There are 2 protein chains.
Amino acid sequence: MAGKRQQKGQDTATRILDAAERLVQVRGFNGFSYADVAAELEITKASLHYHFAGKAELGEALIERYATRFGEALTQIETSPIDAAAKLDAYAKLYADVLRAKRMCLCGMLAAEYRTLPKPMQNAVIRFFDENEAWLEAVLVQGQGEGSLAFAGSASDAARMIVSALEGAMLVSRPYADPARFQATAERLFASLSSSSALAPSR
Amino acid sequence: MAGKRQQKGQDTATRILDAAERLVQVRGFNGFSYADVAAELEITKASLHYHFAGKAELGEALIERYATRFGEALTQIETSPIDAAAKLDAYAKLYADVLRAKRMCLCGMLAAEYRTLPKPMQNAVIRFFDENEAWLEAVLVQGQGEGSLAFAGSASDAARMIVSALEGAMLVSRPYADPARFQATAERLFASLSSSSALAPSR
DNA sequence: GTCTATAGGCAGATAGAC
DNA sequence: GTCTATCTGCCTATAGAC
């Protein structure tokens, strides 16, 4: 499957994934068709079936790649020589970047359509959120230890709160096509977790 | 259209709206069809077109009714003899009730599918969020005045944060089919706004 | 108001040539 | 790997009888 480089520097399978990913993030899994992807790549629908047996298999591959990339970004943040509060900021920036491309988080979109998805896709969506929460929990524990973060309750609950709030901020901000809307919510969220917020109410 | 009461105590248009509303909240606007509604009501697809010209018109009617009902619930809360903090709890309970029925907020679902919706539906979704935020802003201002709530920044920003966090908590909780997940997030959210949480600092 | 019948199009998918 | 051709089924929607 990974032969010589092509004109656009990507093999067909990758180009399919790129187009389908964008379509799902903008229109949803039930809002796009093989015909949409085929038109964008200027190949036929039949060719798509050579690379991905069906829409369900394409969907699985989409989540898997998305989760892998996201996980790599998290590892990069995790190994950076910055404090936990800065890591949270970097985490929020991952979301902001998606929103700036006028897209919804892939798995946030699929969470909305969850009940219409094939089982393997459902399981993959759950895994994505579990991994995010586990990573955040570790960062929160680190921040509590080093004193850069302060929060009540369990780190696990706080991690879930962060994922929920950021996914929700993306969801609601998108109709307004206003990235600043997301930004304001993210900053307010982290301000309530920053240890410095326990000193002064302003920022 | 509003003739005598029928066996189930509702006219056909209402029964259509009820079935379609549930379908959209569970499967999304692009995840259901006239055939689904017709099957549930045991009438034909053609009959649906007598009551609602097309899917777009049905969708508009769905949001309008949903927003009206939600607005009435907000008015009820607003006129209750309780403090602002309690009003926020009552507001969160509206969301929790939807989630307990294994549904997503209608407009939260439509926000995900926003880019695939006809213009009139898009405008109606925006109006729903605007009305929610305006109501919340008033409650927050009241709470700040009476001392039951404390928060940094503008009441408007805080209101947006609340809507985002609750919508996101619904979105992420639904795949886990775990209402407690939503509850924990809502409680943590309001804890950060309660004046009692301002132990030492904050104004 | 509800029905039967049907139009016209698009969905996901497959067979087989090249 | 990509194509043409085709299948089957579902989609929204309409015409017209009752």
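Naming convention: chains lettered A, B, ... in sequence-line order (proteins, then strands); numbering from 1 in each chain. If you're wondering where the values come from, they're calculated on a predicted model, not measured in any experiment.
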| message | Using the side-chain hydrogen bond (donor to acceptor under 3.5 Å, both in side chains) criterion, which residues pair with A:Y91? Sequence neighbours excluded. | response |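 Result, side-chain hydrogen bond (donor to acceptor under 3.5 Å, both in side chains) vs A:Y91: A:Y95, A:N132.
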
| What residues form a side-chain hydrogen bond (donor to acceptor under 3.5 Å, both in side chains) with A:R22, not counting sequence neighbours? | A:E40

| Is it true that atom CD of A:Q122 has more than 12 heavy atoms of other residues, nucleotides or ligands lying nearer than 6.0 Å? | yes

Residue pairs passing the salt bridge (charged side-chain N to carboxylate O under 4.0 Å, His left out) test where at least one lies in [range], sequence neighbours excluded:
range: residues 67-85 of chain A; result: A:E21-A:R69
range: residues 136-145 of chain A; result: none
range: residues 171-184 of chain A; result: A:R181-B:E133
range: residues 89-99 of chain B; result: B:K93-B:D97, B:D97-B:R100

| task | With the side chain counted from C-beta on, respond yes when A:L17 and A:L58 share a heavy-atom pair under 4.5 Å apart, and no when they do not. | result |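 Contact flag for A:L17/A:L58 side chains = yes.
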
| Contact class for A:F32 vs. all strands (heavy atom < 4.0 Å): base, sugar-phosphate, or nothing? | sugar-phosphate

| With no hydrogens and no angle check, is any side-chain donor or acceptor of B:K45 less than 3.5 Å from a backbone partner on B:S33? |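 Checked: no pair found.
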
| query | Are the side chain of B:E113 and the backbone of A:G31 linked by a donor-acceptor contact shorter than 3.5 Å? | reply |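 No: the side chain of B:E113 does not pair with the backbone of A:G31.
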
All N/O pairs under 3.5 Å across the protein-nucleotides 3-5 of chain D interface:
unit_1: D:dC3; atom_1: OP2; unit_2: A:T44; atom_2: N; d: 2.7
unit_1: D:dC3; atom_1: OP2; unit_2: A:T44; atom_2: OG1; d: 3.1
unit_1: D:dC3; atom_1: OP2; unit_2: A:S47; atom_2: OG; d: 2.8

| message | Any residue in residues 33-40 of chain B with a heavy atom nearer than 4.0 angstrom to DNA chain D? Just list them by number, or reply none. | response |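 Hits under 4.0 Å, by residue number: B:S33, B:Y34, B:A35.
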
| Do any of residues 57-65 of chain B sit with a heavy atom less than 4.0 Å from DNA chain D, and if so which? |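 Hits under 4.0 Å, by residue number: none.
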
What is the distance from [atom1] of [X] to [atom2] of [N], rounded to the nearest Å?
X: A:H51; N: C:dA13; atom1: NE2; atom2: P; value: 16 Å
X: B:F52; N: C:dG1; atom1: CZ; atom2: P; value: 12 Å
X: B:L48; N: D:dA13; atom1: CG; atom2: C1'; value: 11 Å
X: A:Y50; N: C:dG16; atom1: OH; atom2: P; value: 18 Å

| field | Angle between terminal axes - the helix from C:dG1-D:dC18 to C:dC18-D:dG1, 5 pairs each end, rounded to 10° | value |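 Computed angle between terminal axes is 10°.
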
| Given D:dT12, C:dT14, D:dT2, which nucleotide is nearest the side-chain atoms of A:H49? |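 When the side chain of A:H49 is considered, C:dT14 is the closest of D:dT12, C:dT14, D:dT2.
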
| request: Please name all residues satisfying side-chain contact (heavy atoms from CB on, under 4.5 Å) with B:V141, sequence neighbours left out, ordered by chain then number. | output: B:A155

| query | B:A111: what forms a side-chain contact (heavy atoms from CB on, under 4.5 Å) with it, not counting sequence neighbours? | reply | A:L171, A:P175, B:F129

| Taking the six-membered ring for Trp, are A:H49 and A:Y34 parallel (under 30°), tilted (30 to 60°) or perpendicular (over 60°)? | tilted

